*Asks:* 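The structure under discussion is supplied below as structure tokens; questions concerning it will follow.
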Amino acid sequence: MSKSQFLLDKNITFLNHGSFGACPKPIFDEFQRFQLELENDPVHFIQKKLPVYLKEAKKPLAKFIGCEMEDFFFTPNPTFAINTVMRSLNLQKDDEILTTNHEYGAMDRTWNFFCKKTGAKYIRQEIKLPIVSKEQIIEEFWKGYTSKTKVVFLNHISSSTALIFPVKEICDKAQELGLITIVDGAHVPGHIDLNITELNPDFYTGTLHKWMLAPKGSSFLYVKAAFQNDIDPLVVSWGYESLFPSESQFLDYQEYQGTQDVSQYLCTPKVIEFLETNNWEQISDDCKKIVRDNYQRFCDLVNTKPICPITDVFLGQMASIPIKTSKPMELKELLYTKYNIQIPVMPLNGSVYIRYSINAYNSQEDLEVLYQAIAAIINTTDLIEV
Ligand SMILES: Cc1ncc(COP(=O)(O)O)c(C=O)c1O
């Protein structure tokens with residue numbers, strides 16, 4: 001699929017789908033069509049059409065992510081979703097939330113905030129690199145378990161290290177131990193297989209605006225039925241003490257949170273149709289192969305080692321190259337300003353990673369541009385140590 005089907009600047013080598021996705025033109029057109037329809041008669045749209053459109057949007061999404069449409073609601077982003085869960089958890093002083101040291105910074109901050117307020121403890125269990133096997137991750141993760149552990153919080157695909165985590169195995173064991181499981185699957189929908197019912201977490205958040213190609217600000221929070229009555233809305237509005245209650249108090253509370261333009265949610269049927277008619281699973285598989293085929297070569301270039309076995313067990317459409325630099329922000333800036341390459345350079349746990357994402361609009365050529373740029377930076381600056 002050519003880059004011209006997307007709205008991306010043609011002069012930029014865009015290797016950062018992972019941060020905020022990229023939206024194809026037909027989906028963006030649908031987004032704007034909904035905005036125009038709203039503006040055409042805002043009252044009728046918001047009071048009458050919106051509830052119907054929301055249901056029409058949730059139905060195909062439920063099938064896509066493998067759960068019932070009554071069990072999730074749209075949120076603008078995963079931070080919003082995890083804040084919603086966090087605020088409703090009734091944890092006590094010294095209760096522990098077990099997690100890894102690979103989680104997304106906004107999530108770490110959310111939990112730190114919660115722990116400051118409640119006296120609970122956020123345990124960032126170290127998962128050592130390089131990863132050698134799923135079993136290693138699982139074993140290291142459970143070393144953080146104590147009699148005080150009440151919650152497991154885990155990313156399904158990590159941000160800075162771009163690794164797929166063995167979420168199913170960890171959720172299964174957590175259920176056996178009677179722990180609450182919360183999964184941050186921001187990178188998962190449209191990227192790797194997802195069936196929430198089979199995975200069986202208590203809470204799961206994912207985005208549509210990353211790998212499903214939806215317009216920005218489209219995500220969801222799944223809540224297992226047993227927890228739905230305990231989840232407060234982050235913003236209290238008309239759905240609380242509703243004048244017209246539906247069958248689900250959970251959805252009444254969560255789905256209307258004041259006046260908003262939610263056209264990005266309403267595009268979901270178009271988003272899924274776009275993925276299906278363009279045979280997206282095949283496109284994704286082809287992209288994953290490009291990611292794997294290049295990984296060792298980039299590590300060799302910067303004289304570091306892969307952080308995991310180069311297989312689809314750990315790698316999807318992104319890979320993080322460990323890079324030795326004391327100036328990650330300067331390196332990112334130089335790649336953008338001098339070489340027109342949009343790519344994140346991210347510090348985590350004392351190391352720095354440069355993460356390339358590959359999507360339908362990328363080709364091997366983009367990675368050659370990156371390769372040449374890094375080679376030039378090594379030869380002409382002291383930003384990268386080799
Ligand atoms: C693991 C993970 N969680 C969450 C997010 C995004 O969260 P938000 O859009 O709420 O900032 C990302 C984005 O890259 C991520 O990698």
Side-chain angles (χ1 to χ4, degrees), residues 14-23 65 72-87 97-114 122 124-125 127 131 137 141 152-167 170-171 181-192 194 196 199 201 203-222 234-235 257 260 262 264-265 291 307-308 314-320 328 332 342-349 353-359:
F14 193 74
L15 288 165
N16 187 9
H17 190 91
S19 281
F20 308 113
C23 186
I65 60 178
F72 73 90
F73 57 93
F74 284 106
T75 66
N77 52 58
T79 307
F80 190 104
I82 297 301
N83 269 265
T84 305
V85 180
M86 172 272 280
R87 297 245 182 203
I97 300 133
L98 177 58
T99 191
T100 74
N101 63 340
H102 291 244
E103 307 299 318
Y104 188 60
M107 302 302 169
D108 283 342
R109 284 164 175 76
T110 296
W111 289 113
N112 288 342
F113 170 88
F114 175 76
Y122 186 56
R124 292 177 75 242
Q125 184 61 25
I127 307 295
I131 301 296
I137 300 178
F141 182 76
V152 159
F153 173 71
L154 188 61
N155 51 203
H156 199 158
I157 299 181
S158 58
S159 174
S160 306
T161 48
L163 292 167
I164 302 172
F165 276 72
V167 165
I170 291 178
C171 278
T181 48
I182 307 170
V183 181
D184 171 8
H187 280 285
V188 171
H191 187 173
I192 59 170
L194 175 63
I196 294 181
L199 197 59
F203 302 90
Y204 193 101
T205 182
T207 68
L208 282 76
H209 58 232
K210 288 186 194 279
W211 301 93
M212 285 180 75
L213 315 174
K216 311 294 169 268
S218 188
S219 303
F220 65 86
L221 175 63
Y222 161 89
L234 202 53
V235 175
Q257 303 202 327
Q260 291 179 66
V262 294
Q264 70 275 26
Y265 304 161
V291 167
I307 60 170
C308 65
F314 299 106
L315 293 176
Q317 285 178 238
M318 308 188 285
S320 284
K332 178 181 155 45
Q342 186 60 273
I343 191 163
V345 181
M346 295 180 283
L348 184 78
N349 303 325
Y353 303 94
I354 182 162
R355 184 190 74 191
Y356 60 84
S357 299
I358 297 295
N359 215 330

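Only a predicted model underlies this, so the values are computations on that prediction, with no experimental measurement involved. Numbering of ligands and ligand atoms starts at 1, following listing order.
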*Asks:* On the 0 to 90° scale, with breaks at 30° and 60°, tag the H102-F165 ring pair as parallel, tilted or perpendicular.
*Replies:*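 The arrangement is perpendicular - the two ring planes meet at more than 60°.
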
*Asks:* Would you call the rings of H156 and Y204 parallel, tilted or perpendicular, where under 30° means parallel and over 60° means perpendicular?
*Replies:*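 Ring orientation, 0 to 90° scale: perpendicular.
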
*Asks:* So which atom in M107 and which in D184 form the shortest heavy-atom distance, rounded to 0.1 Å?
*Replies:*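 Looks like CG-OD2, 3.6 Å.
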
*Asks:* Using heavy atoms and a cut-off under 4.0 Å, could you grab the residues that are in contact with ligand 1, chain by chain, numbers ascending?
*Replies:* N77, P78, T79, Y104, M107, I157, S159, D184, A186, H187, K210

*Asks:* Could you tabulate the donor-acceptor pairs under 3.5 Å formed by side-chain atoms of residues 213-222, not counting sequence neighbours?
*Replies:*
from	atom 1	to	atom 2	distance (Å)
K216	NZ	F20	O	3.2
S219	OG	P76	O	3.4

*Asks:* Ignoring hydrogens, what is the shortest heavy-atom contact between P201 and C171? Give both atom names and the distance.
*Replies:* CB-SG, 4.3 Å

*Asks:* At their closest point, which heavy atom of H191 faces which heavy atom of I157, and how far apart are they?
*Replies:*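 Smallest interatomic distance, heavy atoms only, reads ND1-CD1, 3.7 Å.
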
